[in-house]
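Below: one structure, written as structure tokens.
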Amino acid sequence: MLRGVDWRVDVGERWVILGPNGAGKTTLLQVAGARLWPTAGTVEILGARLGTVDVRTLRPRVALVSGAVTRQLRADVLARDVVASGRYGALETWWNRYTEEDWEKADALLALGGVADVGDRPFGVISEGERQQVLLARALMSNPELLLLDEPFAGLDLGARERLLLRLADLAADLSNPPIVLVTHHCEEIPPGFTHGGLVSDGELVASGRLPEVVSSALVSACFGIDVTVGRTDGRWWSRAT
């Protein structure tokens, strides 16, 4: 359960939310994506206040990449169809009509993610790294105004993690892209170019602000309940127990 959260994400910002398991990170993202409602306080998303807006018109403006989306997709749907279906936030392409431009965009997004060759393969048989690239392409298909990523690095091997990091770094560097919020457990998974950070512990946002001010040894140690040293080398963050 979240409590006492006071948080704002502005245009051009790229946020990483860190914290231990069960701290409330995913819940925070679900609220930011208009998938959950707070029991107290107010939430405004893209200028609309929850409780006063039809979320069916709000949710398509916010792209969410999460395990929940993966579980809703049929394993035998082609990866290219998974991407294209993001145009309307659907789970199957037969629900809507798609133009040639839509299919070209889906192919281009797969290519940008380095997975152009998986388009004609079933989503359920591609690797976990390829699957995350497909889900990211799907999220971008609708030209979202806010991009939320819930633990996209979970289960990835070293190569897949680094490829996804590079893709997110490219997205972060392009200021025409929407604000990004990434939830992760590890400092090593903070992409270059991210600007802000938040630490969540026991349902509270215990620190938030510019990334170098938040991702410090003292604050991260207090958040995770273990003494760690945090640093940055050549634009990449790292941490280790002390």
Heavy-atom side-chain proximity of Val5 to Leu2 below 4.5 angstrom: yes

Cluster overlap Val43 with Val183, hydrophobic side-chain contacts below 4.5 Å: yes

Looking only at side-chain N and O atoms, does Ser127 offer a donor or acceptor that is under 3.5 Å from a partner on Glu130? yes

Carefully, step by step, assess Val62 and Arg35 under the rule side chain to side chain contact (heavy atoms under 4.5 Å, CB included). CA-CA 10 Å; Val62 181; Arg35 271 71 177 178; 4.3 Å; yes

Between CG of Leu164 and CG of Leu135, what distance do you get to the nearest 0.5 Å? 10.0 Å

Quick one: are Leu182 and Glu189 in side-chain contact, heavy atoms under 4.5 Å? no

Trp37-Val53 co-clustered via ILVMFWY side chain contacts under 4.5 Å: yes

Where do Arg131 and Glu128 land on the salt bridge (Lys or Arg N to Asp or Glu O under 4.0 Å) test, with the steps shown first? CA-CA 5 Å; Arg131 194 172 294 133; Glu128 189 63 32; 2.8 Å; yes

Walk me through whether Leu205 and Leu199 qualify under side chain to side chain contact (heavy atoms under 4.5 Å, CB included). CA-CA 6 Å; Leu205 186 63; Leu199 299 177; 5.9 Å; no

Compare every heavy atom of Pro122 with every heavy atom of Leu78, then report the nearest pair and how far apart it is. CD2-N, 4.0 Å

If you round to the nearest 0.5 Å, how far is CD of Glu188 from CG of Leu165? 10.0 Å

Atom pairs and distances, side-chain donor-acceptor, residues 106-121, under 3.5 Å, sequence neighbours left out:
residue	atom	partner	partner atom	Å
Asp107	OD1	Arg80	NE	2.7
Asp107	OD2	Arg80	NE	3.4
Asp107	OD2	Arg80	NH2	3.1

Taking all heavy atoms of Pro179 and all of Glu145, pick out the closest pair and write down the distance. CD-O, 3.3 Å

Nearest atoms (heavy-atom pairs only) where Leu73 meets Val82: CD1-CG1, 3.8 Å

Is Tyr98 reachable from Leu140 through a run of hydrophobic residues whose side-chain heavy atoms are each under 4.5 Å from the next? no

Please list all pairs meeting salt bridge (charged side-chain N to carboxylate O under 4.0 Å, His left out) that have one or both residues in residues 154-172, counting only residues at least two apart or in different chains. Glu162-Arg236

Correct closest heavy-atom pair for Leu219 and Ala207 would be CD1-CB, 4.3 Å

Any ring pair (Phe, Tyr, Trp, His ring centres under 6.0 Å) involving residues 193-219? Give me the pairs, sequence neighbours left out, ordered by first then second residue. Trp15-His196

Only residue of Asn177, Leu211, Leu171, Val181 satisfying side chain to side chain contact (heavy atoms under 4.5 Å, CB included) with Arg14 is Asn177

Establish, for the pair Arg74 and Phe123, whether the NZ or CZ atom is under 6.0 angstrom from the six-membered ring centre and no further than 45 degrees off its axis. no

Please confirm whether the backbone N or O of Val230 pairs with a side-chain atom of Ser217, one donor and one acceptor, at under 3.5 Å? yes

Report yes if the side chains of Trp237 and Leu18 come closer than 4.5 Å at any heavy-atom pair, otherwise no. no

For a quick test of reading the model, state the closest non-hydrogen atom pair linking Leu147 to Ala139 and the distance between them. CD1-CB, 3.8 Å

Nearest heavy-atom neighbours spanning Pro178 and Leu146: CB-N, 3.8 Å

Rounded to the nearest 0.5 Å, the CG atom of Leu148 sits from the CD1 atom of Ile45 at a distance of 8.5 Å

Output, in order, the C-alpha distance, side-chain angles, deciding distance and verdict of side chain to side chain contact (heavy atoms under 4.5 Å, CB included) for Leu149 and Leu136. CA-CA 9 Å; Leu149 307 166; Leu136 179 57; 4.1 Å; yes

Point-to-point distance, once rounded to the nearest 0.5 Å, from CD of Glu151 to CD of Gln132: 10.5 Å

Do Pro20 and Cys223 make a side-chain contact, defined as non-hydrogen atoms from C-beta onward lying under 4.5 Å apart? yes

Shared hydrophobic cluster, Ile190 / Phe224 (ILVMFWY, side-chain heavy atoms < 4.5 Å): yes

d(Leu28 CG, Asp150 CG) to nearest 0.5 Å is 10.0 Å

Val83 and Val69: same hydrophobic cluster, using ILVMFWY side-chain contacts below 4.5 Å? yes

Verify whether one side chain among Ser208 and Trp7 offers a donor that lies under 3.5 Å from an acceptor in the other. no

When you compare the side chains of Thr99 and Asp102, does any donor N or O come within less than 3.5 Å of an acceptor on the partner? yes

Using the salt bridge (Lys or Arg N to Asp or Glu O under 4.0 Å) rule, take Arg3 and Asp202 through it: C-alpha gap first, then chi angles, then the decisive distance, then the call. CA-CA 9 Å; Arg3 57 187 181 277; Asp202 194 25; 3.2 Å; yes

Determine, step by step, whether Thr242 and Val228 satisfy the side chain to side chain contact (heavy atoms under 4.5 Å, CB included) criterion, reporting the C-alpha distance in whole Å, the side-chain angles of both residues, the deciding distance to 0.1 Å, and the verdict. CA-CA 5 Å; Thr242 56; Val228 296; 5.6 Å; no

Is there a donor-acceptor contact under 3.5 Å from the side chain of Lys25 to the main chain of His185? no

d(Asn143 CG, Arg87 CZ) to nearest 0.5 Å is 7.5 Å

